[in-house]
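One-based numbering, in listed order, for ligands and for the atoms of each.
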Amino acid sequence: MNQRPLVADRLRQSVAEREAASLRRQLRTVTAQQGNWIWVDGQRLLNFASNDYLGLAQAPELAAAMQQAIQTWGSGATAAHLLGGHREPHAALERYAAQWLGYPRALLFSTGYMANLAVLDTCLQSHDLCVQDRLNHACLLDGARLAGAHLKRYRHQDLAHAEALLAADPERAAMLVSDAVFSMDGDQVDVRAITAVAERQQALLFLDDAHGFGVLGREGRGTVAAAGLGVESVPLQMLTLGKAMGSFGALVVGTDALIDALVQLARPFLFTTAMPPAVAAASLAAMQTARAEPWRQETLHRRIDVFRTEVAGLGYTLMASQTAIQPILIGEAGKALQCAAALAERGFYAPAIRYPTVPKGEARLRITLSASHTEAELAALIEALRQLNDQSFMNEPSAAG
Ligand SMILES: *Cc1c(COP(=O)(O)O)cnc(C)c1O
């Protein structure tokens with residue numbers, strides 16, 4: 001009688017399909033933590049999945065800055081930025097970041113996801129062209145969709161393909177958008193090359209440096225700075241504060257005119273409560289600590305070098321990454337889950353990353369390294385990977401998945 005499809009039925013069906021393909025996700029609670037150890041389902045695991053690349057999330061400087069700001073400002077910002085919620089800790093963070101990074105202006109968002117939605121939805125109109133790397137982070141793709149722009153995706157890191165897509169459509173206003181460091185592969189965009197494409201094609205270039213900020217370049221100023229470039233070449237960048245900075249939120253840095261346009265027009269900036277001032281204070285303390293303690297960045301890179309040398313020697317397939325993201329390519333989703341479970345049995349947390357986060361057939365263990373990992377902790381992980389390699393399921397031919 002009633003032909004209307006039921007939303008709840010459809011959702012159950014989608015979840016069942018994920019389950020059948022070894023793609024069901026488990027939401028696990030970390031019940032305790034101590035240093036790099038976390039407790040999950042009563043099991044004590046050494047965490048190799050955190051984005052806290054510099055070990056700042058537990059640094060006393062951040063906690064002290066938060067506590068002090070709470071004393072002054074309380075727990076919440078109480079309003080949106082333009083309606084009295086923009087407090088001195090927010091402004092101080094923006095000023096400091098802009099000056100440090102050599103950009104005219106910075107604007108704070110509550111998350112990187114919101115910042116990317118804001119930039120793309122504000123800059124793009126429905127008749128515009130948005131050219132993006134195939135492996136860009138989900139929120140960059142979502143931003144272009146939200147704007148209703150013509151979204152064209154080029155083969156991963158194939159800038160000739162990007163240029164051809166732009167050249168094929170010269171009438172439309174255009175943006176060229178890429179992760180600066182790819183979140184599931186760890187490789188870096190060629191900043192000079194992508195800048196040249198954007199200039200030749202008169203496209204607005206926007207780079208998302210969620211994973212390069214704090215990790216690459218002098219003082220960890222990020223992928224663009226590491227290439228010796230700045231606002232003249234890359235007029236807009238997004239930098240997250242929840243990864244290497246060990247805090248929460250995101251900054252968009254750019255020219256005065258672009259940042260002013262975001263303040264005026266960006267809906268994820270206008271219509272949301274400003275983040276707690278104490279969180280902004282922690283982010284500022286994170287930047288100051290990262291600069292004052294270069295050992296964090298240096299230690300991270302030493303750990304990366306050791307990991308790559310040792311794990312490649314075990315015969316694993318690593319990816320072209322010089323960053324803290326060091327995935328081990330496994331292939332089939334079920335096998336990646338077996339690997340993650342076998343590592344957990346040995347006391348290590350390194351989750352399997354599967355479709356749709358990565359393409360089908362490219363499931364992987366996403367191992368992330370941190371300055372907080374000791375040499376001994378890293379050596380223990382490498383030993384566990386050596387043992388894992390001897391397990392029978394590792395050597396079975398795998399189906400696509
Ligand atoms: C994590 C991430 C984001 C989102 O940042 P959040 O602050 O976690 O919302 C955006 N882009 C990339 C490439 C990321 O890895």
Side-chain angles (χ1 to χ4, degrees), residues 49-54 56-57 62 90 93-94 97 106-121 123 130 132-146 151 153 156-157 175-189 191 194 205-216 220 222-224 226 234 236-254 262 266-269 272-276 279-280 282-283 286-287 319 321-327 351 353 356-359 364 366-370:
S50 151
N51 300 322
D52 181 25
Y53 305 135
L54 299 176
L56 285 168
L62 276 69
H90 303 127
L93 171 60
E94 291 173 345
L107 188 65
L108 179 62
F109 288 83
S110 291
T111 71
Y113 206 120
M114 288 172 74
N116 281 347
L117 293 184
V119 166
L120 292 165
D121 186 46
C123 293
C130 185
Q132 299 205 21
D133 191 291
R134 245 191 187 290
L135 298 190
N136 273 358
H137 193 270
C139 58
L140 291 170
L141 303 169
D142 289 357
R145 290 200 185 100
L146 184 61
L151 172 61
R153 297 165 75 183
H156 180 49
Q157 296 273 36
M175 282 183 81
L176 177 55
V177 180
S178 179
D179 282 18
V181 170
F182 287 85
S183 55
M184 294 300 141
D185 296 57
D187 55 331
Q188 296 163 50
V189 76
V191 183
I194 200 168
L205 178 61
F206 175 45
L207 295 182
D208 171 342
D209 205 17
H211 299 279
F213 185 44
V215 172
L216 299 172
T223 311
V224 172
V234 184
L236 265 185
Q237 284 193 61
M238 195 284 287
L239 311 160
T240 55
L241 300 165
K243 286 165 181 154
M245 292 301 133
S247 179
F248 184 75
L251 290 162
V252 176
V253 295
L262 292 176
R267 296 166 66 87
F269 174 78
T272 193
T273 302
M275 72 163 57
V279 177
S283 296
M287 288 184 198
M319 307 192 85
S321 167
Q322 299 303 320
T323 66
I325 302 164
Q326 290 294 334
I353 304 289
T357 311
V358 294
R364 64 200 65 174
R366 183 173 180 273
I367 289 169
T368 52
L369 302 174
S370 169

Inset, instruction - Indicate yes or no for a side-chain donor-acceptor contact from Asp209 to the backbone of Leu239 under 3.5 Å, with no hydrogens or angles considered. - result: no
Legend entry - For Asp121, salt bridge (Lys or Arg N to Asp or Glu O under 4.0 Å) partners two or more places apart: none
Inset, instruction - Could you label the plane-to-plane angle of the Phe182 and His156 rings as parallel, tilted or perpendicular, counting under 30° as parallel and over 60° as perpendicular? - result: perpendicular
Legend entry - No-hydrogen, no-angle side-chain donor-acceptor test under 3.5 Å, Ser178 and Asp133: no
Legend entry - Main-chain N/O of Gly186 paired to Thr323 side chain as donor or acceptor, under 3.5 Å: yes
Inset, instruction - Answer yes or no: is there a donor N or O on one side and an acceptor on the other, between the side chain of Gln326 and the main chain of Leu369, under 3.5 Å? - result: no
Inset, instruction - Below 4.0 Å from any atom of ligand 1, which residues have a heavy atom? Give them in chain and number order, please. - result: Thr111, Gly112, Tyr113, Asn116, His137, Cys139, Asp179, Ser183, Asp208, Ala210, His211, Met238, Thr240, Lys243
